[in-house]
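As a basis for the values below, the full set of heavy atoms in this structure was taken, side chains included, without hydrogen atoms, waters or symmetry mates.
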Protein chains: 2
Amino acid sequence: MNVLELTLNNCRETEASCTDRVSAMPLQSGLKLLNDFPSGQGLRPWSSLREICTLLNVQPVKDPQLCNQVFQHVLVKSGEQVHAIGQRFEMLYLVNSGFLKTISLSDGGQEVVLKFPMKGDLLGVDGIDGQRYACEAVALSDCDLIMLPFHKLALLGREYSELENLIYCMISRELVRGQMQIGMYSGLNAEARVARFLAALAERFGQLGYSSKSFNLRMSRREMGSYLGLTLETISRTLSALHAMGIINVSRRSVDIIDVAGLRTLRRIPPSYLNARDELRKRLH
Amino acid sequence: MNVLELTLNNCRETEASCTDRVSAMPLQSGLKLLNDFPSGQGLRPWSSLREICTLLNVQPVKDPQLCNQVFQHVLVKSGEQVHAIGQRFEMLYLVNSGFLKTISLSDGGQEVVLKFPMKGDLLGVDGIDGQRYACEAVALSDCDLIMLPFHKLALLGREYSELENLIYCMISRELVRGQMQIGMYSGLNAEARVARFLAALAERFGQLGYSSKSFNLRMSRREMGSYLGLTLETISRTLSALHAMGIINVSRRSVDIIDVAGLRTLRRIPPSYLNARDELRKRLH
DNA sequence: CGGTCGATTGAGGTAACTCAAGTGCGGTGG
DNA sequence: CCACCGCACTTGAGTTACCTCAATCGACCG
């Protein structure tokens with residue numbers, strides 16, 4: 001049984017097992033396998049493990065048979081859900097293109113944004129232990145995801161130690177990124193958080209070959225605030241202040257970075273840029 | 001080559017490779033292997049994989065040869081470092097007894113507490129990708145850790161799919177716990193955070209067979225604050241207020257839980273319990 | 001063209017921070 | 001044994017950074 005058969009097989013399994021899923025999956029059924037799509041758009045329905053390694057930014061696996069194994073893609077439209085909290089875990093998803101958010105529910109039932117996965121990031125790792133996804137993934141733009149059926153992946157990993165190690169690294173990396181987030185933003189005020197966030201986003205875009213100077217935010221102010229532990233109004237105000245300082249240009253969701261170094265090192269914004277009011281109040285006292 | 005040889009061998013390797021470590025390891029050299037210790041204290045220098053499964057709260061591996069494989073312990077004294085940030089990764093550590101903290105450095109060089117690992121928790125998973133630990137682990141009490149040389153573990157995992165799956169689950173679990181933390185505490189005010197934290201701690205102690213009603217905090221107010229994103233003064237005030245409400249008794253680091261349900265559901269503390277001052281000011285207005 | 005939704009901006013309130021003064025305990029040394 | 005010191009914690013008072021509520025604006029969409 002070759003891998004192509006394995007993956008196709010697995011897709012059928014996925015479809016078949018939809019009925020026994022615990023949580024509602026309003027959009028899951030709308031997911032399209034890429035080979036259902038009209039060809040000739042430059043999109044292919046599967047990627048080789050070699051390509052996957054490139055995407056993950058790791059040494060490509062050397063074994064010739066292994067690195068030609070292929071994995072199927074899936075297209076997710078903007079706003080659609082990739083997986084829900086509590087849904088039975090079967091797949092890891094590797095982002096080939098597009099922009100997403102992962103969320104969990106806070107105590108009050110409010111959604112909390114955990115990450116903004118993009119090209120090269122892995123979704124679903126939190127489902128391995130417990131066999132159910134612990135968070136929900138939603139596409140914030142049309143996305144092209146590579147499906148990695150975990151069971152099959154592990155099976156292959158057993159034969160190829162190279163691949164096994166790759167899997168360990170992928171998972172560990174996700175964990176490290178979560179830790180970095182906490183470390184990075186704790187102890188920073190609102191302005192610095194937003195500034196670092198933009199700088200990190202710009203750097204990431206740059207690494208992926210897009211412009212690091214000029215890009216569109218794919219998330220709403222509310223989502224950004226949730227991710228950074230701030231309210232949407234604070235985000236809006238801070239962006240305006242960074243604009244007023246001449247560090248960025250921002251209009252709605254389009255952002256131009258003027259002074260990257262400034263973004264990275266900013267600690268606090270002089271009150272004059274934030275709001276005339278605050279300064280006035282201080283003088284009155 | 002049996003596993004006992006493997007692990008002992010690895011320990012020698014660890015000692016030998018101390019010189020090429022990147023970061024300072026002031027205390028690492030003071031770590032003692034358990035078989036250096038006087039026997040007859042009920043402590044054994046190694047644990048079998050069967051025991052490790054119990055500790056991890058997973059189905060014990062069934063293969064008779066595999067589950068009798070043993071792993072060596074290491075004792076870490078309170079205040080000592082288990083591993084440093086940037087130190088070369090070789091080991092996972094499974095906590096057999098004791099209480100620790102893991103920290104990373106915030107932007108300003110301040111330490112940020114990420115977790116408080118205890119019995120059954122795994123340390124070092126963040127080192128797999130990149131081959132260097134991404135955080136620092138410090139013992140907050142005398143600790144008994146089981147050393148799991150990752151390379152050897154992976155080697156064994158390749159032969160025994162059961163074990164391999166176990167490794168994946170262990171790592172994934174660490175990730176999920178990190179996510180839960182973010183989800184749990186975001187959107188809660190200081191009082192609720194402290195209350196949930198105590199409730200979670202109590203529950204954890206209970207699961208481990210200790211008293212869930214009465215225990216000692218092993219961390220300082222500052223460390224607790226760092227973990228919860230609050231200052232030490234806020235922690236202190238909140239504990240006092242919870243005491244005043246009759247939900248807990250607290251004196252220095254010893255805590256008695258009086259009303260667990262209250263802790264879990266608390267949203268805000270009536271001003272009167274917090275400080276007479278605030279209420280007075282309101283009435284004056 | 002109205003309706004909806006996201007973003008901006010303003011005004012005021014407040015939760016948590018900062019700074020500072022005390023308190024109590026545990027260790028050390030006379 | 002007591003006196004001293006250091007450290008973690010407590011408590012107080014004032015400040016402030018961020019939140020909340022509310023009005024407005026603009027883009028998009030049927």
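- Whole-Å rounding puts the B/L188 CG to C/dA15 C1' distance at 14 Å.
- The side chain of A/S240 contributes an N or O atom lying less than 4.0 Å from OP1 or OP2 of C/dT9.
- A/Y185 is linked by a ring pair (Phe, Tyr, Trp, His ring centres under 6.0 Å) to nothing, counting only residues two or more places apart in sequence or in another chain.
- Remark: C1' of D/dC19 and CZ of A/R222 are 13 Å apart, rounded to the nearest angstrom.
- Among the protein residues, B/G187 comes within range of no part of the nucleic acid, since none of its heavy atoms lies under 4.0 Å from any strand.
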Using a cut-off of under 3.5 Å, enumerate the N/O to N/O pairs linking the protein to nucleotides 19-21 of chain C.
unit_1	atom_1	unit_2	atom_2	d
C/dC19	N4	B/E233	OE2	3.1

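- Side chain of B/S226 to main chain of B/V113: a donor-acceptor pair is present (N/O by atom type, distance under 3.5 Å, no hydrogens or angles).
- When side chains are defined from C-beta on, A/L105 counts as touching A/I85, because their heavy atoms get closer than 4.5 Å.
- Counting to the nearest Å, the P atom of C/dA16 and the OH atom of B/Y185 are 15 Å from each other.
- Between B/Y93 atom OH and B/H83 atom NE2 the span is 7.0 Å, to the nearest 0.5 Å.
- If you take CG of A/L230 and P of C/dA16, they are 15 Å apart, rounded to a whole angstrom.
- Distance from the side chain of B/S236 is smallest for D/dC9 among the nucleotides D/dC9, C/dG6, C/dA16.
- B/N189 places a side-chain N or O within 3.5 Å of a backbone atom of B/R267 that can act as its donor or acceptor partner.
- Between the CG atom of A/N216 and the P atom of C/dG6 there is a distance of 17 Å, given to the nearest Å.
- Phosphate contact (OP1/OP2 of D/dT10, side-chain N/O of B/R221, threshold under 4.0 Å): present.
- Judged by distance alone, the side chain of B/D126 and the main-chain N or O of A/Q179 form no donor-acceptor pair under 3.5 Å.
- Note on B/T234: every side-chain N or O is 4.0 Å or more away from OP1 and OP2 of C/dA16.
- Computed from coordinates, the A/R252 CZ to C/dT9 P distance equals 13 Å when rounded to whole Å.
- The existence of a salt bridge linking B/D121 and B/K115 is excluded, since no basic side-chain nitrogen approaches an acidic carboxylate oxygen closer than 4.0 Å.
- Summary for the helix from C/dC1-D/dG30 to C/dG30-D/dC1: the axes at its two ends, each from 5 pairs, differ by 30° when rounded to the nearest 10 degrees.
- In this structure, B/L140 atom CG and D/dA8 atom P are separated by 13 Å, rounded to whole Å.
- Between A/Y227 and A/F116, a ring centre-to-centre spacing shorter than 6.0 Å is recorded.
- With D/dC19, C/dG6, D/dC9 as the choices, the nucleotide that has an atom nearest any side-chain atom of A/R253 turns out to be C/dG6.
- The stretch residues 242-249 of chain A has no heavy atom under 4.0 Å from DNA chain C, so no residue of it qualifies as close.
- Once rounded to the nearest 0.5 Å, the distance linking CG of A/L208 with CE of A/M118 reads 4.5 Å.
- Not one N or O on the side chain of A/S236 forms a donor-acceptor pair closer than 3.5 Å with the backbone of A/L232.
- Within the structure, side-chain hydrogen bond (donor to acceptor under 3.5 Å, both in side chains) contacts touching residues 250-259 of chain A (residues at least two apart or in different chains) are A/S214-A/D256.
- In this structure, B/G225 reaches neither bases nor backbone, as no heavy-atom distance under 4.0 Å exists between it and the strands shown.
- A/L232 has its CG atom 12 Å from the C1' atom of D/dC21, to the nearest Å.
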Identify each donor-acceptor pair in which a side-chain atom of residues 136-143 of chain A lies under 3.5 Å from a protein atom, sequence neighbours left out, and give them as a table.
unit_1	atom_1	unit_2	atom_2	d
A/E136	OE2	A/Q81	NE2	3.0
A/S141	OG	A/F99	N	3.0
A/D142	OD1	A/S78	N	2.9

